[in-house]
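Data block below; observations after.
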Amino acid sequence: MDVMVRNAGGSGEDSSSTPLLADLEAGLHALPRLPPDSGRLALIVRRESPGARDMPDRVLLTVEDGVPGGGPGRIPVRSPEAQIAVMRRDVAELIAHGKPLTRFGDDLFVDFDISAANLPAGARLRVGEALVEVTAKPHNGCGKFHARFGADALRFVNAKSTRHLNLRGIYWKVVEPGEAGVGAAIRLVSRPGAAAHVSEGSPAR
């Protein structure tokens, strides 16, 4: 069932009760290690209009729009290199500190290792029926992120010691369109370089 959330992305967010840097760092160390080649799609967030987010059970990922908006006032399409904003679900929940994940502005939340070592630019994944590719564009915290989650959260995602983990997230672009639903499998197809190729037919490790 689709769920609509209002006032989830406005600029006048209440930044009270934001997490402290020490708590974020401790929480990160306590998170379980995720498998490198397989995972699942945990949440889909679709932009309906400024201040409103739709959380559909399923969505058609398209080459043109990535995650298409559902309303007439949808935000213009991002550049191809920033087509789909992706974040680890457990890291997002750590930073959100009890707030809804729709406040991040990202499109997909995943249970998957999205670190630079595991998913370098050019890596391809099968997400449900769609084929996506990791782009080289960095995904950094911005002013809105600071307003919603606090200065310590912004320091946390941009810390040099953990920057390679892509705690703020990464960007994907759609190579082959297809439907993906909450709970759908995410499987690594290939990393740059022939030696890193992973057969789509091989069992997930």
Side-chain angles (χ1 to χ4, degrees), residues 19 21 23-45 55 57-59 61 66-67 83-141 145 149 153 156-175 178 180-193 195-205:
L21 181 60
D23 294 331
L24 291 169
E25 292 172 340
L28 178 64
H29 289 303
L31 294 179
R33 185 175 180 179
L34 297 175
D37 296 342
S38 65
R40 74 179 190 99
L41 178 56
L43 179 66
I44 303 166
V45 180
M55 293 184 291
D57 292 329
R58 307 186 69 82
V59 71
L61 303 180
V67 179
Q83 194 177 59
I84 301 177
V86 182
M87 194 171 183
R88 265 180 62 171
R89 177 191 58 82
D90 54 359
V91 171
E93 289 177 344
L94 178 65
I95 295 170
H97 206 56
K99 299 180 178 70
L101 300 190
T102 51
R103 291 169 67 118
F104 283 95
D106 293 73
D107 304 293
L108 304 180
F109 293 85
V110 300
D111 294 328
F112 199 92
D113 179 0
I114 63 170
S115 66
N118 192 52
L119 292 184
R124 291 189 169 191
L125 305 104
R126 184 68 64 179
V127 182
E129 298 173 351
L131 181 67
V132 302
E133 181 176 304
V134 180
T135 77
K137 185 177 177 62
H139 190 6
N140 301 316
F145 183 90
F149 304 109
F156 175 66
V157 298
N158 288 325
K160 290 183 179 179
S161 60
T162 54
R163 190 64 186 87
H164 63 286
L165 298 178
N166 290 326
L167 299 178
R168 178 60 190 94
I170 60 176
Y171 288 111
W172 292 347
K173 64 180 179 182
V174 178
V175 178
V182 173
I186 300 175
R187 293 179 288 112
L188 178 68
V189 174
S190 65
R191 296 187 183 92
H197 181 75
V198 177
S199 170
E200 289 197 66
S202 62
R205 297 198 298 269

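Numbers for residues simply follow the sequence, beginning at 1. Bear in mind the structure is a predicted one, so any value in this text is a computation, not a measurement.
- Classified by interplanar angle (parallel below 30°, tilted 30° to 60°, perpendicular above 60°), the ring pair F145/F104 is tilted.
- Residues satisfying the salt bridge (Lys or Arg N to Asp or Glu O under 4.0 Å) test with R89, not counting sequence neighbours, are E93, D111.
- Counting heavy atoms from C-beta on, the side chains of L101 and M87 never come closer than 4.5 Å.
- At least one donor-acceptor pair closer than 3.5 Å links the side chain of Q83 to the backbone N or O of V174.
- Taking all atoms of both residues into account, the shortest heavy-atom contact from L94 to L24 is CD2-O, 3.5 Å.
- In plain terms, the two heavy atoms of P192 and P120 that are nearest each other are CD-CG, 3.6 Å.
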Stepwise side chain to side chain contact (heavy atoms under 4.5 Å, CB included) check, V45 with V67: CA-CA 8 Å; V45 180; V67 179; over 6 Å; no
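- One distance of note links CD1 of I114 with CH2 of W172; it measures 8.0 Å at 0.5 Å rounding.
- Legend: residues meeting side-chain hydrogen bond (donor to acceptor under 3.5 Å, both in side chains) with T135, ordered by chain and number and at least two apart, are absent.
- Under the 4.5 Å side-chain criterion, counting only non-hydrogen atoms from C-beta, Y171 is not in contact with V134.
- When all heavy atoms are compared, the tightest approach of H139 to A85 is NE2-CB, 3.9 Å.
- Put simply, CD1 on I186 and CG on L108 are 7.5 Å apart, with the number rounded to the nearest 0.5 Å.
- To the nearest 0.5 angstrom, F112 atom CZ is 13.0 Å from D90 atom CG.
- When atom types are taken as modelled, the side chain of D113 and the backbone of P35 share no donor-acceptor pair closer than 3.5 angstrom.
- Under the rule for a side-chain hydrogen bond (donor to acceptor under 3.5 Å, both in side chains), the partners of N140 that lie at least two apart in sequence or sit in another chain are R163.
- The two atoms that bring A180 and L41 nearest to each other are CB-CD2, 4.0 Å, heavy atoms only.
- Using a cut-off of 4.0 Å between Lys/Arg side-chain N and Asp/Glu carboxylate O, R88 and D106 are scored as not salt-bridged.
- Two residues are said to be in side-chain contact when any heavy atoms from C-beta on lie closer than 4.5 Å; I95 and L167 fail this criterion.
- Residues F149 and A96 come closest through the heavy atom pair CE2-CA, 3.9 Å.
- The only option from L61, L125, L131 that meets the side-chain contact (heavy atoms from CB on, under 4.5 Å) definition with V175 turns out to be L131.
- At least one donor-acceptor pair under 3.5 Å links the side chain of R191 to the backbone N or O of N118.
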